[in-house]
Colleague: 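The structure is given below, and queries will be raised subsequently.
All chains are named by letter (A, B, ...) in the order of the sequence lines, taking the proteins before the strands, and each is independently numbered beginning at 1.
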Amino acid sequence: DATLDRIKARGTLTVGVILSGAPFGYIDPTSQTQKGYNLDIAKALADDLGVKLETVAVTPPNRVQFLQQGKVDILIANMQYTEDRAKVLDWVPTPYDRSGGAAVGRKDSGLKDWADLKGKPVCVSQGSNYTQPLIEKYGAEVKGLPSQPESLLALQGGNCVVAVHVGATLGLLLQDRPEDWKDYAILFPTELIPSDSVIWVRKGEKETAEALDKTIRQLHTSGKLLEFAKANRLSNTEYLEQERKTLSASK
Amino acid sequence: MWDSGITSLFVDLTNRLGLNYEFLATGYEAQIWRDGFMTTLYLIALLIPVSLIAGLLFAACLTSGRLWHSAPVRAFVEITRNTPTLVQLMFSFLVLNTFVSNLVGGAQNNPLTPFFWVVAVVGLHIAALHAEAIRAGIEAVPASTVEAARGIGFSKLQILRYVEIPLAFRASLPAIVNNLINLVKLTTVGNAIAVSEITYASIMVWTQRDNVVSLMIVILLFFSIINLVVARVGLWVERKLAVPGYGL
Amino acid sequence: MTTVALSEPRKSGHLLRNIGFAALPAVILLWSLADLTLGRELVEWLPYLASGFLMNVVISLSAMTLGTVVGTIFGILQLVPYRPARYPVVAYVQAFRNAPHLVLIFATTYIFPFEIVVFGNYLPFPDWLKTVIGLAIPASAYVAEITRGAILSIPTTQWEAAKGLGFSRSQALRWIILPQCLRRSLPPWMNILASITMGTSLASLVGVHELLHAATDASTAVRRLDFTIIAYIVVMAAFFTLCYPIARLTRRLEQRFNAGPRI
Amino acid sequence: MNTKSDDAIVRLEDIHLSFGQTEVLRGIDLTVNRGNAVSIIGPSGSGKSTILRCINALVTPQRGRITVGGTRVDQLATESERIALRKRVGIVFQQYNLFPHLTVLDNIVLAPTRILGVARGEAEKLARELLEKVRLSEKAGAYPGQLSGGQQQRVAIARALAMKPELVLFDEVTSALDPETVGEVLGVIRDLIRDGMTSILVTHEMRFAEEISDTVVFTENGRIVDHGSPAEIFHTFDNPRIRQFVGGLAGGRGTVRTEAVQELS
Amino acid sequence: MNTKSDDAIVRLEDIHLSFGQTEVLRGIDLTVNRGNAVSIIGPSGSGKSTILRCINALVTPQRGRITVGGTRVDQLATESERIALRKRVGIVFQQYNLFPHLTVLDNIVLAPTRILGVARGEAEKLARELLEKVRLSEKAGAYPGQLSGGQQQRVAIARALAMKPELVLFDEVTSALDPETVGEVLGVIRDLIRDGMTSILVTHEMRFAEEISDTVVFTENGRIVDHGSPAEIFHTFDNPRIRQFVGGLAGGRGTVRTEAVQELS
Ligand SMILES: Nc1ncnc2c1ncn2[C@@H]1O[C@H](COP(=O)(O)OP(=O)(O)OP(=O)(O)O)[C@@H](O)[C@H]1O
Ligand SMILES: Nc1ncnc2c1ncn2[C@@H]1O[C@H](COP(=O)(O)OP(=O)(O)OP(=O)(O)O)[C@@H](O)[C@H]1O
Ligand SMILES: [Mg+2]
Ligand SMILES: [Mg+2]
């Protein structure tokens, strides 16, 4: 359909990626290029389609806009599958990761579970899909900051009891910068709405989704995804390993 | 506040114009959005007196003729006028606030909220502009009028209180009203630190619903009306204070 | 006596201003030297930040150019005697003079398409260009007001003299009135320039790669709290170094025009 | 009433003009012959400036005929026709009205180059000649703000002459000047008139009007109440009103001015 | 040099004052007795205003003694001491005296209520009496901008009197006025002096100085070059400089002013 034709006609695949931090997406200072797990997937998809890759940095507030306007062809932007999103967009059925939100907070905060957040200030990125469950399910008082660094600074400044972001990012952060974060920990054992990270396309672009789905499956079975994940130090690769097994088996 | 019947009628009617206000019929988004208006109004209502009082203080320091009063204010005025308010706000909220927390022995003791920081940064920024306007007004008071007051036996403070400030205020009123209009516009930067004013609330809504145009129309109208009111009130005060034969 | 009292702080104020000008860069330098690992990170990121700041300058200059051209025309239109031409312009100026810059930037970024079709060709319409328009709109409204005020402030005798020499209305405007407006409106125009330049940082909130956004990118990648802080100071220093001289120059011009014998 | 002659360059016949309710001109008849100088004197508000502005098509009368060198000024319909007329009729006002953003030279050169399309070099040559004539050669590069009132007024005259007009109108060109500089401006005008320039002057300088005019016209209340040679107007005093007017002025500032005038002659 | 008397209310002895490099007063000696009126005349820049400002402690001389009713003005150390002095010595300046944002009544009432702590009602009663004295009763509610220069100056005098000063200083109070309104202001001052008010006047109105002064002082270049009774100063002309000065003024605007003065007497 339209998108797939255009990608082929132009010879480029335009991917919206989010630079919310390692391991998914960030800027490498020395080469000043975008790096991360999402970027690796994007590259693999473009290679498979036989076109060049073009990436556009998106933010949670503008990513859906960009996709719907056609500024990007697909989104690989830490966007989990939700029913609300499925109403307005189409998606690639096979997920490339599964993740949920983790809450980082002070070790001495005494918070044990998501339910403890009731009435407490919680920092997220603006447009994060954790907003709705945090408000509606747990009754937290959500504060959306422009992006993750601001959210984390706000946490350290004491403006919220926890900051909720994608688990893998937080895990890696705490691991890499123990000095800055020695009083902090991932507080809850469970992840918030653990759901499948999928690639999103415009509504009605079924063919594009199917074409990409094939590639993603291949990446799973060939072990490429797992490889990318390891290269980018994704903390939790359980899902990927399992997916690789099931997909290989079904083949 | 909004009767559900009216809401759905409104949503229906606007839908026919191609506008999307469906979120008004739902739960937390509608709530956030409505609260956004109130927060903006509350911010403005708080900021106007704060900026005026701080502006007066700054102006007093600037015109005191004492270096240790005027120099810090001068420095502040220059910095606040020549760096983006957005950056000031993020810096204050994310950096200064942390210092404060450390000073008072932990974040839990820190009473300063994002709301406070918006009021502080925007308020002081506009106060700096007020101060410049008032200073210009004070300098425009004829030296001989001041000397006449001195000759009668007024003290420096009394001259400031009874002669210079009333005259300077009148002279600088148009500039002050202009600053207040800027103040109203500046409240929108609050969204960067999660103060749930109207733009923040709208971002929360449109990131989920792709109804930017619909929300934008309302926001633009909203600010136009507020600023119309501010300008009108300013004009009214100007007329009220107008003295025959003085100034414009 | 008052004059004697006034001249004193002015002299020391001058010194103070020049010290103040170097204060922010000095903080950055000292801190970087005190913590060399931080300094190294900063140096590594400086080219990236500079590329971001270039975007601020580009946006600001483009928006001012566009805003000045449109605003001057609108300022003139606000004074034409034909209502159908005047009223829409007056409405435009009033509406956008009062609209927050941020809202206009959001509006233009989200409402305009990402590309436009011209004779079947797809021309990209990048975000920074949308921001240019978002800032050019209020700039044009301010410039229109300045232009209108400046034209009105030219004594009617100048129009009369031009007419007496045989100039038509538009010739008089072009050769006699507007050149005089130029000097009068230069200081307020420069105030707008500064305000728009500072407004460019708002573009970070819609994801344009400008300085503040670059600083956020850097902070995200470095993941050091002290780096995030110093990045903010760098951002402030950059804007200050750009805007402060403009502000000083503006004030100098204002004083000269107020004191000067001509105009 | 007026001397009708074929050599007439300006002819006003029964001009009536009102601004809203106020009748400013109530039937003006006036003829000016080529090479002549006509002075208009009269009390303030009597319509002197308005007569000049009618001749230059800056205002249009409600009734009457105005002919300037064959053109029916009252019938000019479009702005461009009026502009064409103004190129032929120079006017100098009480407030010197120089363009403050241009040098003296540029003030003079602007109109010829922009309106007549004269080449810059040629226009400058003429401008320098005119500056010589008004004795301001050394001020070519100065800005109006750097000149005295009298100097500015002389530049304004040069600027009007640069369009090579057939006729120049002077509207109280010395009223806004300080007494010391009145003489120099009048001296310049005297030279121009002696060189044969056709001109109409509104002035309060009685001695000057007497000296240089071929005809003097006395206006009051929008009417020309008397006219004739300077000798008739200033020395016969048939009209008690004129006696009073001229006497009053002579007693007041007239004395000071006369000295200034004589100094230069 | 000065008549020393125990009734002296003001005594200046060898006052020297410089602003930066410029020596403005170079040894002034002056005595004013209670109930007397002293006029200071002299060319512009000769230090007349500065003398008044010294007496009122608005400036402090570098050398010399100033005594005002027992107070050593030159030795006042704090601003509050100087303010205490100023309550006893009224001063009226040439221009911009009144507070433009207050009505005439409020202008007069402000100082007594705010500085002396007089009750508002009482202060208003006094203010109305004073307005009567300066013949402006009907203007109590007007703003300064609505008054003529002469009326403003009379209000300024009333305002100075509202503090019930022992002494009033007038610094060229009529210099900024148009000729018509000079007379009314001088008339008010004349009445005050006839009622026994002690005053020092700097003025250019020679006839007026002659008429109302007990002593006239002529200053030049920061020195008092002559002093004496009006008759001595104005008619003897020992000093050729004074003759020239007084003659020059009388020939110019003096004539007009005199008429205005006489009109009111
Ligand atoms: N544009 C105008 N609109 C209304 N009234 C006008 C206008 N121009 C002139 N008048 C009135 O017309 C009358 C004559 O004006 P005019 O300027 O011709 O008088 P004048 O003889 O030149 O007086 P003066 O010696 O003061 O210049 C005056 O009463 C003036 O107020
Ligand atoms: N604050 C000041 N700083 C510097 N010089 C001053 C100041 N005030 C007055 N002077 C100078 O002192 C000299 C005397 O001034 P003063 O006002 O006493 O003269 P004056 O006799 O009142 O003149 P005038 O008749 O013009 O008012 C003048 O040369 C004046 O320039
Ligand atoms: Mg006239
Ligand atoms: Mg003086």
Side-chain angles (χ1 to χ4, degrees), chain C residues 68 72 75-77 79-82 85-86 143 146-190 250 252-263, chain D residues 49 52-53 55-59 78-103 106-117 142-148 152-153 155-156 158-165 168-171 176:
Chain C
T68 304
T72 309
I76 294 166
L77 285 179
L79 292 170
V80 298
Y82 320 106
R86 196 173 68 217
V143 172
I146 292 179
T147 310
R148 191 180 69 100
I151 292 176
L152 286 179
S153 74
I154 305 288
T156 48
T157 54
Q158 289 284 318
W159 285 98
E160 201 164 42
K163 248 174 137 183
L165 280 172
F167 282 90
S168 70
R169 213 184 133 80
S170 58
Q171 279 176 322
L173 192 70
R174 165 70 188 83
W175 298 110
I176 291 153
I177 305 301
L178 283 184
Q180 293 183 46
C181 291
L182 200 67
R183 296 187 53 152
R184 269 162 218 245
S185 35
L186 190 60
W189 183 88
M190 284 176 36
T250 310
R252 279 248 293 285
L253 285 178
E254 265 166 2
Q255 276 162 10
R256 225 184 65 202
F257 290 172
N258 286 344
R262 340 169 203 151
I263 307 187
Chain D
S49 300
L52 296 193
R53 290 155 57 91
I55 296 172
N56 204 18
L58 287 168
V59 289
T78 67
E79 188 64 17
S80 64
E81 284 171 358
R82 282 191 280 267
I83 288 173
L85 172 80
R86 286 183 204 133
K87 291 178 196 168
R88 293 162 43 205
V89 182
I91 187 163
V92 183
F93 297 96
Q94 170 177 345
Q95 292 296 337
Y96 354 107
N97 289 333
L98 294 185
F99 307 133
H101 61 297
L102 299 177
T103 61
D106 286 338
N107 258 283
I108 301 174
V109 159
L110 185 69
T113 53
R114 296 297 166 193
I115 301 179
L116 301 181
Y143 281 90
Q146 299 167 321
L147 303 182
S148 75
Q152 291 193 40
Q153 198 57 291
V155 175
R159 187 178 63 178
L161 295 178
M163 296 292 282
K164 299 193 176 152
V168 184
L169 314 174
F170 294 97
D171 190 358

Colleague: Can you tell me which portion of D/Phe99 sits under 4.5 Å from chain C's heavy atoms? Options are side chain, backbone, both or neither.
Modeller: both

Colleague: Please flag which part of D/Val92 lies under 4.5 Å from any non-hydrogen atom of chain C: side chain, backbone, both or neither.
Modeller: neither

Colleague: Measuring only between side-chain heavy atoms, which start at C-beta, is C/Thr157 closer than 4.5 Å to D/Phe93?
Modeller: no

Colleague: When only pairs under 4.5 Å are counted, which of D/Arg88, D/Arg82, D/Arg53 shares the most heavy-atom pairs with chain C?
Modeller: D/Arg53

Colleague: Can you spot which of D/Arg159, D/Lys87, D/Arg86 makes a side chain to side chain contact (heavy atoms under 4.5 Å, CB included) with C/Leu165?
Modeller: D/Arg159

Colleague: Between C/Gln171 and chain D, which part of the residue has a heavy atom less than 4.5 Å away: side chain, backbone, both or neither?
Modeller: side chain

Colleague: Using heavy-atom distances under 4.5 Å, tell me whether D/Leu116 contacts chain C through its side chain, its backbone, both, or neither.
Modeller: neither

Colleague: Would you name the heavy atoms of D/Ile83 and C/Gly166 that are closest together and state the gap between them?
Modeller: CG2-O, 2.9 Å

Colleague: Rounded to the nearest 0.5 Å, how far does CD1 of D/Ile91 lie from NZ of C/Lys163?
Modeller: 11.0 Å

Colleague: How long is the span from the OG atom in C/Ser168 to the CZ atom in D/Arg114, to the nearest 0.5 Å?
Modeller: 13.0 Å

Colleague: Should the heavy atoms of other residues, nucleotides or ligands under 6.0 Å from CZ of C/Arg86 be counted, would the total exceed 12?
Modeller: yes

Colleague: Looking at every heavy atom in both C/Ala161 and D/Asn97, which two are closest together, and how far apart are they?
Modeller: CB-CB, 3.4 Å

Colleague: What distance do C/Trp175 atom CH2 and D/Asp106 atom CG have between them, rounded to the nearest 0.5 Å?
Modeller: 11.0 Å

